[in-house]
Amino acid sequence: MVRANGAVSLRELARVVQTSEVTVRRDVRALEAEGLLDRRHGGAVLPGGFTRESGFPQKSHLASAEKTAIADLAAGLVEEGEAIVVGAGTTTQELARRLARVPGLTVVTNSLLVAQALAHANRVEVVMTGGTLRGSNYALVGSGAEQSLQGLRVSRAFLSGSGLTAERGLSTSNMLSASVDRALVQAAAEVVVLADHTKLGTDTMFQTVPTDVITRLVTDEPPAHDDRAATELQALADQGVQIAVAGASAGPGQTPGVDSVPAGRQARRDVPLPGQRRGHGGHGAGPGTGPQLRSASVLGEQPAGERAARVADLRRR
């Protein structure tokens, strides 16, 4: 399956072979020891380390249910009449399909797939960058794409990538894609990263968005056994990233899909605008503009020993 698709999730493997994820994980570990594949959080990929990047067909089948839930939650951040940028990726493509219903929206993108998803949305204006087509992910890259973004100013950038860590932020395996993503970030007052749990703790070759520039992360709930993903979420929250968990039910007065801070713990502060724009305001970025996610850590300020109980509590809620 990995040879055919380039990547596969443990959940899908367990379903296909009709066994538990625990058994699949043990077998994947053995295959990795033989050099036949590389483990990733929640899945496995063909060997290749930092430099390998799966093509679009492979990526589209990995964690597809999680990407759909993330896109549903992220779409709630976008308001009528807003101007945003949306980067390339399978998760951002899912987001674009939901943005077709937002009237008066302007979407700037370097992704042919994002543009295609919005092509028949009568009330959405799509602005494509220039650049050279990169066939593996249907994105426009290169100096033409970067130059077309100069002087642009929008409220939010929605980006995905190959990996996300608290230490380096968002990263990707391709230099040209990373360069365009950095240009997209420079055009936005706020940066929203869309990353499913399989990308948490994964570090790839080229940094695109440093952690201190990420305003919000929209992700799915890590499996209870995925301690590394939960630890990475804690570390990201400790650095001020606001975290929204797709699928987490909200209590009275809470924002749907956003984890709440446990009783008796201090809520995390709102995160300023990214990079050099922090504290300087900007279009669509001030208080009262745009939907506000509650600042929250998926694991609060709890010590490592309480993480499993916190994740279990998340699942019940």
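What you see below is based on every heavy atom in this structure, not just the backbone, and it leaves out hydrogens, waters and symmetry mates. The chain is numbered in sequence order, starting from 1.
Nearest approach of A117 to A96, heavy atoms of both residues: CB-CB, 3.9 Å. L149 approaches V108 most closely through the heavy-atom pair CD2-CG1, 4.1 Å. Of all heavy-atom pairs spanning L194 and S160, the tightest one is O-OG, 3.2 Å. Summarising the geometry of F158 relative to T92, their closest heavy-atom pair is O-CG2, 3.8 Å, with the distance given to 0.1 Å. Scanning both residues, V245 and D220, for their nearest heavy atoms gives CG1-C, 3.9 Å. Between V209 and V185, the shortest heavy-atom distance links the atoms CG2-CG2, 3.6 Å.
A donor-acceptor pair is defined here as one N or O able to donate and one able to accept, closer than 3.5 Å; such a pair exists between the side chain of S148 and the backbone of A145. Listed for the T204 side chain is a donor-acceptor partner under 3.5 Å among the backbone atoms of T172. Here the side chain of S155 pairs no donor or acceptor atom with the backbone of I84 at under 3.5 angstrom. For the pair E66 (side chain) and H197 (backbone), a donor-acceptor distance under 3.5 Å is absent. The backbone N or O of R168 lies less than 3.5 Å from a partner atom in the side chain of Q207, making a donor-acceptor pair. The closest donor-acceptor contact from the side chain of S9 to the backbone of G43 lies at 3.5 Å or more, if one exists at all. Judged purely by atom type and a 3.5 angstrom limit, T208 uses its side chain to pair as donor or acceptor with the backbone of L170.
Summarising the local packing, CD of E32 is surrounded by more than 12 heavy atoms from other residues, nucleotides or ligands at distances under 6.0 Å.
Distance check: L31 CG to D38 CG gives 11.5 Å after rounding to the nearest 0.5 Å. Note that the CD1 atom of I70 and the OG1 atom of T219 stand 5.0 Å from one another [nearest 0.5 Å]. Considering CD of Q186 and CZ of R153, their distance stands at 9.5 Å, rounded to 0.5 Å. In this structure, T91 OG1 and L159 CG are separated by 11.5 Å, a value rounded to the nearest 0.5 Å. Between the CZ atom in F206 and the CG atom in D181 there is a gap of 12.5 Å [rounded to 0.5 Å]. Summarising the geometry, atom CD belonging to E82 is positioned 9.5 Å from atom CG belonging to L99; distances are rounded to the nearest 0.5 Å.
A heavy-atom distance below 4.5 Å is not found between the side chains of V218 and L95. Within the 4.5 Å cutoff, side-chain heavy atoms of V28 are placed close to those of L13. Within the 4.5 Å cutoff, side-chain heavy atoms of P223 are placed close to those of R11.
Contacts classified as side chain to side chain donor-acceptor pair (under 3.5 Å) and involving residues 96-114 (residues at least two apart or in different chains) are given here: D72-R98, E94-R97, E94-R98. Within the structure, the side chain to side chain donor-acceptor pair (under 3.5 Å) test picks out no pair touching residues 112-127 (sequence neighbours left out).
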### Task
Evaluate the side-chain contact (heavy atoms from CB on, under 4.5 Å) criterion for residues V127 and L152: first the C-alpha distance (whole Å), next the side-chain angles of each, then the deciding distance (0.1 Å), finally the verdict.
CA-CA 11 Å; V127 179; L152 182 71; over 6 Å; no

### Step-by-step side-chain contact (heavy atoms from CB on, under 4.5 Å) determination, D203 to S171
CA-CA 7 Å; D203 198 4; S171 61; 3.7 Å; yes

### Query
What's the verdict on side-chain hydrogen bond (donor to acceptor under 3.5 Å, both in side chains) for T198 and D196, showing C-alpha distance, side-chain angles and the deciding distance?
CA-CA 6 Å; T198 65; D196 63 79; 2.2 Å; yes

### Worked verdict on V180 versus L176 for side-chain contact (heavy atoms from CB on, under 4.5 Å)
CA-CA 6 Å; V180 174; L176 294 175; 5.9 Å; no

### Query
Checking side-chain contact (heavy atoms from CB on, under 4.5 Å) for the pair L164/L236: CA distance, chi angles, key distance, verdict?
CA-CA 9 Å; L164 177 65; L236 288 162; 3.9 Å; yes

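Using a 4.5 Å cut-off between side-chain heavy atoms of Ile, Leu, Val, Met, Phe, Trp and Tyr, with links allowed through other members, M205 and M175 fall into the same hydrophobic cluster.
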